[in-house]
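Just so you know, residue 1 is the first one in the sequence shown, and it goes up from there. The structure displayed is predicted, hence computed values, not measured ones. Just so it is clear, the values below take in all heavy atoms, side chains as well, and ignore hydrogens, waters and symmetry mates.
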Amino acid sequence: MFKLSHIVPLAAAFAAYLVGSVPTGSGGVDPSSFGPTPEPSTTTSTTSTVTTATSSATSACGSGPAIVAITSGTPVTGYSLQGNVGTPVLTPGTHYYPYTFGSYISLQGGADNCLNTAYFNLHSNGNSYVPISWDIGRKLTLDWNGASTVIQTRNGTQWGVQSWFLTCKEQGYWAVYLQTGSDTPSGETCYLTQLQAQY
């Protein structure tokens with residue numbers, strides 16, 4: 001029979017071992033004892049942090065469809081939407097995420113935390129290319145048509161039925177905008193594409 005009285009001496013001995021093994025200095029822990037600080041290895045921009053994958057990937061938070069650029073003849077054909085917080089980007093490979101489609105589009109696991117839900121939001125900017133962002137916990141856009149596998153806004157909304165997206169090369173990544181007309185960001189290489197949920 002296992003008794004609690006057997007654990008107490010073991011726990012005390014283990015705690016003493018841990019405390020005795022931590023290097024000390026004027027502030028308690030001497031950081032130099034851990035070696036040099038490594039350089040960060042992620043690529044960061046002012047809008048988002050992106051990790052690029054080149055093969056099929058499934059989210060640690062579950063599986064779902066990939067949102068894929070389906071318009072042939074563009075450099076992004078077959079690329080899929082990278083599920084992360086901030087500006088959505090298209091990257092090579094197929095990325096399967098637990099998306100939910102309805103009047104809103106959501107992604108379970110935003111910012112690599114399965115407890116977070118990120119929402120695919122539109123942000124009017126006065127141009128026909130409408131910025132989109134993945135925002136944790138902020139369901140701002142209820143204008144999507146969840147009944148279609150092609151990602152599109154629905155009739156009766158401020159956008160009307162729009163199923164074309166503009167993807168522009170920005171800081172080495174293909175940023176995604178909803179396209180409602182013919183404007184493009186100045187000085188950027190951009191292509192029109194449609195996006196489709198593929199299971």
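Here L140 contributes atom CG and S133 contributes atom OG; the two are 7.5 Å apart, rounded to the nearest 0.5 Å. Put simply, CG on D143 and CD on Q158 are 6.0 Å apart, with the number rounded to the nearest 0.5 Å. With rounding to the nearest 0.5 Å, the separation of OH in Y177 from OG1 in T184 is 10.0 Å. In this structure, C168 SG and Y191 OH are separated by 10.5 Å, a value rounded to the nearest 0.5 Å. Atoms CD and OG, from Q198 and S80 in turn, are 9.0 Å apart once rounded to the nearest 0.5 Å. How far CD of Q162 is from OG1 of T153: 5.0 Å, rounded to the nearest 0.5 Å.
Between T117 and Q108, the side chains place a donor N or O and an acceptor N or O closer than 3.5 Å (distance only, hydrogens not considered).
Taking the side chain as every heavy atom from C-beta outward, F165 and Q194 never approach each other to under 4.5 Å. Residues C190 and K169 have side chains not in contact (no heavy-atom distance under 4.5 Å, counting atoms from C-beta outward). Between I151 and I105 there is a side-chain heavy-atom pair separated by less than 4.5 Å. In this structure the side chain of W159 reaches within 4.5 angstrom of the side chain of V130, judged on heavy atoms. With a 4.5 Å cut-off on side-chain heavy atoms, P92 and Y79 count as touching. Residues Q196 and I70 are in side-chain contact: their nearest non-hydrogen atoms beyond the backbone lie under 4.5 Å apart. Annotation: side chain of I67 is in contact with side chain of F101 (closest heavy-atom distance under 4.5 Å).
Considering all non-hydrogen atoms of both residues, S128 and D183 come closest at OG-N, 2.7 Å. The minimum heavy-atom distance linking L192 with T74 is given by the pair O-CG2, 3.7 Å. Heavy-atom minimum distance, P131 versus N125: CD-ND2, 3.3 Å. The nearest pair of heavy atoms linking Q82 to T91 is OE1-OG1, 3.2 Å. Pairing each heavy atom of R138 with each of Y119, the nearest pair is O-CB, 3.4 Å.
Between Y97 and Y99, the angle of the ring planes goes over 60°, which puts this pair in the perpendicular group of the 30/60° scheme.
Listed by first and then second residue, the disulfide bond (SG atoms under 2.5 Å apart) pairs involving residues 65-129 are C61-C114 (not counting sequence neighbours).
Put simply, the residue from T193, I132, T87, V89 that forms a side-chain contact (heavy atoms from CB on, under 4.5 Å) with V176 is I132.
Taking the six-membered ring for Trp, W144 and F120 have ring centres closer than 6.0 Å.
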